[in-house]
Structure formats: C-alpha cells, structure tokens
Participant: 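Structure incoming, see below.
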Amino acid sequence: MGFCEEQLTRVRHVWERMLDHRFLRETRDGTIADATFASWMQQDYLFVEAAIPFIAALIPRAPKPQRTALGLAIPTLEKELELFRERATAAGIDLVSVRPGFTNHAYVQFLLATAYSASYAEAFTVLYVAEKAYYDSWMVVRAGIDEASAWFPFVENWTSDAFAGWVDYLERELDALAAGAGQSERERMAELFELTAKYEVAFWEMAATGATWPGLDAQVS
Ligand code: MP5
C-alpha cells in the first residue's frame with residue numbers, strides 16, 4: 001500500500017466528517033443559503049490567492065521533473081480566481097473588501113510555514129491533501145447538484161478530468177517521496193497529512209457557520 005492510501009485509511013474518521021459536512025450536503029441538495037455559499041466564496045478566494053505563493057515557494061525546492069507541473073499549476077490558479085470573480089459579479093458578491101476569517105488565516109499561515117520551513121516532501125504532503133480534499137468534497141456535491149445551479153461551475157472546476165489527473169499525479173509523486181523518506185520524515189509527513197485534513201474540515205465549518213474570529217463578530221473583525 002502506498003503512503004497516500006495508508007494515510008487516507010489512518011485519517012478516515014476526519015475524512016468522513018469532511019465528506020459528510022452539511023456545507024457539502026446542502027450545496028449538493030440546493031438548500032444552501034446564498035449568504036452561506038457567498039461566505040465560502042469570499043474566504044476561498046483569499047485561500048486560492050494564497051495558494052499561489054505557496055506553490056511558487058515549492059518550485060525552487062522541487063526535484064527537476066516536478067518543477068514544470070508545479071509551474072503550470074499557477075496559471076490554473078489564476079484561471080480559478082477568474083472563475084470566482086465571474087461568479088461573484090453574477091451573484092453580486094463582494095470579493096474586494098473581504099478579510100480572512102480566523103480559520104482561513106490559520107490555514108494559510110500553516111501552508112506558508114510548511115512551504116518555507118518544512119522539508120519539501122512535508123510541504124508536498126500538504127499540497128496533495130488540500131487538493132485531494134477538494135476533489136473528494138466536490139465529488140460529493142456533484143452527486144446531486146442541479147447542473148443549472150449558479151454554483152455548478154465550482155463543481156466542474158474541482159471534479160474535472162484535468163483536476164482528477166492533477167490529484168492522481170500528486171498522489172503518485174507523494175508516494176514516491178514517502179518511499180524515499182526516512183522514518184522520522186515520514187512521521188512528520190503523516191502528522192501534516194492529518195493536520196491538513198483537519199484544516200479542511202475546519203474550513204467547511206467556518207463557511208457553514210459564517211464564523212469570523214473567535215470572540216469577535218462580523219462588524220469588528
Ligand atoms: C483548495 C481550496 C483546493 N481552493 N480551498 C481549500 C480550503 N482547500 C483546498 O486548492 P486549489 O489550489 O484551489 O485547487
């Protein structure tokens with residue numbers, strides 16, 4: 001069994017919570033409040049913006065054969081940001097004056113900290129888990145959402161064949177990195193695997209509840 005399969009089995013209780021999150025079920029069933037979906041869009045727009053420097057920081061550290069794939073991910077993310085802007089304009093959602101919520105802020109700091117201070121294989125683990133989480137999560141939504149939904153373009157974005165191929169690629173590469181890692185690095189990779197999965201659950205929770213910062217409300221955060 002490869003590292004990814006082994007870890008997905010190990011953290012399955014977290015993964016199941018993620019896939020059973022009410023944000024995903026309500027988006028699939030078309031019962032999600034527009035304001036709730038808008039709150040996810042606003043926060044995830046900031047997250048995707050931050051994913052660009054995260055990937056960019058990995059490129060100079062990557063083994064040569066991985067550099068091109070990581071480099072090509074950047075224009076894909078730019079296109080994704082364009083999709084957010086287009087959907088936001090269509091639905092009258094402000095993306096400009098948004099500030100990151102606590103969970104989003106913590107997750108982004110975690111991404112950047114791993115990119116700059118963890119080993120390459122550890123940072124690559126975080127990349128894989130974040131992408132795999134979105135693929136699996138949006139597949140849940142795909143299973144029932146009305147294709148005429150205003151939110152369907154997001155489903156298409158993260159369940160496309162191209163995105164599935166990217167996640168498969170990351171999985172193969174991560175399995176190889178783990179196979180070449182020593183025991184203590186593998187343990188740190190496993191820890192980051194789990195932490196990233198937990199951040200993904202926390203992100204859906206933040207979106208579903210509209211949470212901003214603990215102890216503050218939307219007016220002062
Ligand atoms: C992704 C995302 C997927 N957009 N947001 C969160 C909270 N997790 C994962 O990353 P990408 O770079 O948009 O494919």
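Counting convention: from 1, in listed order, for ligands and their atoms alike. All residue numbers in this chain count up from 1 along the given sequence.
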Participant: How close does the nearest protein non-hydrogen atom get to atom 13 (O) of ligand 1, and which residue and atom is it?
Facilitator: Glu80 OE2, 2.4 Å
Participant: Checking a contact table here: which protein heavy atom is nearest atom 5 (N) of ligand 1, and how many Å away?
Facilitator: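 For atom 5 (N) of ligand 1, the nearest protein heavy atom comes out as Asp44 OD1, 2.7 Å.
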Participant: What protein heavy atom is closest to atom 8 (N) of ligand 1, reported as residue, atom name and distance in Å?
Facilitator: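 Here the closest protein heavy atom is Glu200 OE2, 2.6 Å.
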Participant: Nearest protein heavy atom to atom 11 (P) of ligand 1, by residue and atom, and its distance?
Facilitator: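 Looking at atom 11 (P) of ligand 1, the protein heavy atom closest to it is Glu131 OE1, 3.2 Å.
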Participant: Below 4.0 Å from any atom of ligand 1, is there a heavy atom belonging to Ala133?
Facilitator: no
Participant: Is there a donor in the side chain of Tyr120 and an acceptor in the side chain of Gln66, or the other way round, less than 3.5 Å apart?
Facilitator: yes
Participant: Treat each ILVMFWY residue as a node, draw an edge where side-chain heavy atoms are under 4.5 Å apart, and state whether Val126 and Leu46 are in one component.
Facilitator: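 No, Val126 does not connect to Leu46 through the hydrophobic network.
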Participant: Which residue and non-hydrogen atom of the protein lie closest to atom 2 (C) of ligand 1, and at what distance in Å?
Facilitator: Tyr134 CE2, 3.2 Å
Participant: Between Arg85 and Glu82, does at least one N-O distance fall below 4.0 Å, as a salt bridge requires?
Facilitator: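 Yes.
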Participant: Check each atom of ligand 1 against the heavy atoms of Val48 and keep those under 4.0 Å away; list them by number with element.
Facilitator: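 Answer, ordered by atom number: 4 (N), 13 (O).
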Participant: With a 4.5 Å heavy-atom cut-off, do Leu170 and Trp166 have their side chains touching?
Facilitator: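 In contact.
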Participant: I need the nearest protein heavy-atom contact for atom 12 (O) of ligand 1: residue, atom name and distance, please.
Facilitator: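 Going atom by atom, the protein heavy atom closest to atom 12 (O) of ligand 1 ends up being Leu77 CD2, 3.1 Å.
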Participant: Can you list the atoms of ligand 1 that are under 4.0 Å from a heavy atom of Phe163?
Facilitator: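 Within the 4.0 Å cut-off of Phe163, ligand 1 contributes 14 (O).
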Participant: Rounded to the nearest 0.5 Å, what's the gap from CZ on Phe47 to OH on Tyr134? Could you check?
Facilitator: 7.0 Å
Participant: Looking at Lys198 and Glu194, is any side-chain nitrogen of the basic one under 4.0 Å from a carboxylate oxygen of the acidic one?
Facilitator: yes
Participant: So is Tyr199 in contact with ligand 1, going by heavy-atom distances below 4.0 Å?
Facilitator: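 It does not, in that no heavy atom of Tyr199 comes within the 4.0 Å cut-off of ligand 1.
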Participant: Determine, for Asp29 against Arg25, whether the closest basic-nitrogen to carboxylate-oxygen distance falls under 4.0 angstrom.
Facilitator: no
